Amino acid sequence: MEEEPSQLKRAAIDATAGALSGAVSRTVTSPLDVIKIRFQVQLEPTSSWALLRKDLSTPSKYTSMVQASKDIFREEGIRGFWRGNVPALLMVMPYTSIQFTVLHKLKTFASGSSKTENHMNLSPYLSYMSGAIAGSAATVGSYPFDLLRTILASQGEPKVYPNMRTAFVDIVQTRGFQGLYAGLSPTLVEIIPYAALQFGTYDTFKRWTMAWNQRQYSNPTAENISSFQLFLCGVSAGACAKLATHPLDVVKKRFQIEGLQRHPRYGARVEHRAYNNMLDAIKRILQREGWAGLYKGIVPSTVKAAPANAVTFVAYELTSDWLESLLT
C-alpha cells in the first residue's frame, strides 16, 4: 500500500499546487477579467439595446465585449488587457494556495485519509460545506490584493494610479487601513455560495463522470478520469457558480471602487458612501439601472469563469499528483 505523505508535506503540496494553478489560470484569463470589471463598475447601461430605451446625456463607454476589446486595445494597447495582473497574481496565488490547503485538510479530517481518491466517498454535502469554508478563509487572507486589482483594472487611461504602490498609499491616506478591506462583507456573502457551488458541483460532476466511465469501461479506477474530462467538469462547475452569484460580484465591485478617482471618459464614478449596505446597494442599482444593472459583465464574467475554473482544477490536480510523486 502506498504510504500517505506527512501532514507538513501534504500541506506543502496543496499550497504549492494551489498557488501555481491559480497563477496559470489568472494569467490566461486576465483579458476577460479586465473587460468584466470595466462593465461591472460602469454606471451607464452596458448594451446598445438598453441605450435605445433610455434618454441619456452621458453615453456609455462600453456596450459589448467586442466593442470593449477594441476600445481597450486602441487606447491602452495589448498591455491594457493585463492591467492589474500583478496585484491579481498576488491575490490569486495566496487565495488558491489557502483555499486548496484548507479544503484538503477538511476532507482529510472528514475521511481520515489524506489521499484524494478516498475523498470521493465523502457526502456531496461535505464538498459544498468544505468549499464554502475554504473560500472564506482564502478571501480574508488575500483580500487587500483583490481590492488593488479591481482598482487598477477599472481605471483605464489616463491612469489615476500608475502602479500598485500609489493606489495602496492613496487608499490608506483617504480611507485608513480599513479601506484595504472595503467591500469585504459583500465579498464574503458572495464567496460562500460561490465557493460552495464551485467545489461542490465540481466534485458532483467528477462523481457522475466516474459513474459514466464505469458503464463504458471494464475494471475502472479513479485514474480513468482524463484531463479533458476534468476540464469539462471544471468548466461546468465554474459556469454554474458564476451564473448563480454574479449579482453579488457586481455589488462587491461597487463597494471596492466607491469614492475613488476615475477619468470622466469612463462614465460617472461611484461616489463615496454611495451605498449604506448590501441591501441598499442592490435596491439602488435596481432603481437606477434595472435588473440589467445586477448582471453587468455577465457574459465576459461567465466566459472567463468557466475556463478559469477548469484550468485551475486541472492544473491543481496535475501539479498535486506530480509533487506527490516527487515527495512521497
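Remember, predicted model here, so these are calculated numbers, not experimental data. Along the sequence shown, the residues carry numbers beginning at 1.
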**Student:** Can you run down the salt bridge (charged side-chain N to carboxylate O under 4.0 Å, His left out) pairs that involve residues 12-32, sequence neighbours left out, and say none if there aren't any?
**Tutor:**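 Listed once each, the pairs are R10-D14, R26-D33.
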
**Student:** Find out whether Y95 and T139 are in side-chain contact, i.e. whether some heavy atom of one side chain is under 4.5 Å from a heavy atom of the other.
**Tutor:**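 When only atoms from C-beta onward are counted, T139 and Y95 do touch, with a gap below 4.5 Å.
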
**Student:** To the nearest 0.5 Å, how far apart are CG in L279 and CZ in R284?
**Tutor:**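 Between atom CG of L279 and atom CZ of R284 there are 12.5 Å.
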
**Student:** Contact between V250 and I298 at the side-chain level, heavy atoms closer than 4.5 Å - yes or no?
**Tutor:**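 Not in contact.
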
**Student:** Would a 4.5 Å heavy-atom cut-off, applied to side chains only, mark V303 and K36 as touching?
**Tutor:**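 Heavy-atom side-chain distance check fails, nothing below 4.5 Å.
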
**Student:** How are the rings of F228 and F231 set to each other: parallel, tilted or perpendicular (split at 30° and 60°)?
**Tutor:** parallel

**Student:** What pairs with K253 under salt bridge (charged side-chain N to carboxylate O under 4.0 Å, His left out), at least two apart in sequence or on another chain?
**Tutor:** D249

**Student:** Mind jotting down which residue pairs meet the salt bridge (charged side-chain N to carboxylate O under 4.0 Å, His left out) criterion with at least one end in residues 127-136? Sequence neighbours excluded, please.
**Tutor:**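 Of all non-adjacent pairs touching residues 127-136, none passes salt bridge (charged side-chain N to carboxylate O under 4.0 Å, His left out).
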
**Student:** Is L148 reachable from F177 through a run of I, L, V, M, F, W or Y residues, each pair having side-chain heavy atoms under 4.5 Å apart?
**Tutor:**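 Per the 4.5 Å side-chain linkage, F177 and L148 are co-clustered.
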
**Student:** Under a 4.5 Å cut-off applied to non-hydrogen side-chain atoms, are Y128 and T204 in contact?
**Tutor:** yes

**Student:** Of all residues at least two apart in sequence or in a different chain, which pass the salt bridge (charged side-chain N to carboxylate O under 4.0 Å, His left out) check with D203?
**Tutor:** K107

**Student:** Enumerate the salt bridge (charged side-chain N to carboxylate O under 4.0 Å, His left out) contacts for residues 126-148, please, sequence neighbours excluded, ordered by first and then second residue.
**Tutor:** D146-R149, D146-K252

**Student:** Show your working on side chain to side chain contact (heavy atoms under 4.5 Å, CB included) between I98 and S142 and close with a plain yes or no.
**Tutor:** CA-CA 9 Å; I98 295 169; S142 62; 5.6 Å; no

**Student:** Decide yes or no for I72 and Y62: does some side-chain heavy atom of the first lie under 4.5 Å from some side-chain heavy atom of the second?
**Tutor:**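 Yes, their side chains come closer than 4.5 Å.
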
**Student:** Does V189 reach the side chain of V251, with side-chain heavy atoms less than 4.5 Å apart?
**Tutor:**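 The answer is no; the side chains never approach within 4.5 Å.
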
**Student:** Any donor and acceptor pair, going by atom type alone, linking the side chain of N85 with main-chain N or O of A88 inside 3.5 Å?
**Tutor:** no

**Student:** Does the side chain of L230 come within less than 4.5 Å of T209's, by heavy atoms?
**Tutor:**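 No, every pair of side-chain atoms sits at 4.5 Å or beyond.
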
**Student:** Please step through side chain to side chain contact (heavy atoms under 4.5 Å, CB included) for the pair W82 and T27, ending with a clear verdict.
**Tutor:** CA-CA 8 Å; W82 276 268; T27 302; 4.1 Å; yes

**Student:** Kindly determine whether L323 and T16 satisfy side chain to side chain contact (heavy atoms under 4.5 Å, CB included), including the steps that lead there.
**Tutor:** CA-CA 9 Å; L323 290 173; T16 304; 3.9 Å; yes

**Student:** Applying salt bridge (charged side-chain N to carboxylate O under 4.0 Å, His left out), name anything that partners D321, two or more places apart in sequence or on another chain.
**Tutor:**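 Partners of D321 by the salt bridge (charged side-chain N to carboxylate O under 4.0 Å, His left out) criterion come out as none, since no residue qualifies.
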
**Student:** Does a donor on one side chain sit under 3.5 Å from an acceptor on the other, for N163 and T166?
**Tutor:**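 Result is yes, a qualifying pair exists.
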
**Student:** Given L180 and F168, is the side chain to side chain contact (heavy atoms under 4.5 Å, CB included) satisfied, shown in steps?
**Tutor:** CA-CA 8 Å; L180 294 172; F168 173 83; 3.5 Å; yes

**Student:** Check the angle between the aromatic planes of F100 and F313 and answer parallel, tilted or perpendicular using the 30° and 60° thresholds.
**Tutor:** perpendicular

**Student:** Decide yes or no for M164 and L90: does some side-chain heavy atom of the first lie under 4.5 Å from some side-chain heavy atom of the second?
**Tutor:**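 They are in contact (side-chain heavy atoms under 4.5 Å apart), so the answer is yes.
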
**Student:** Kindly give the heavy-atom pair with the smallest separation between A17 and Y316, and that separation in Å.
**Tutor:**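 Looking at all heavy atoms of both residues, the shortest contact is CB-CD1, 3.6 Å.
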
**Student:** Going from CZ on F199 to OH on Y202, what distance comes out if it is rounded to the nearest 0.5 angstrom?
**Tutor:** 9.5 Å

**Student:** Is it true that R38 and E75 make a salt bridge, defined as a side-chain N closer than 4.0 Å to a carboxylate O?
**Tutor:**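 Salt bridge absent between R38 and E75.
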
**Student:** Report yes or no: do L126 and I133 belong to one cluster of Ile/Leu/Val/Met/Phe/Trp/Tyr joined by side chain heavy-atom distances under 4.5 Å?
**Tutor:**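 In one cluster: no.
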
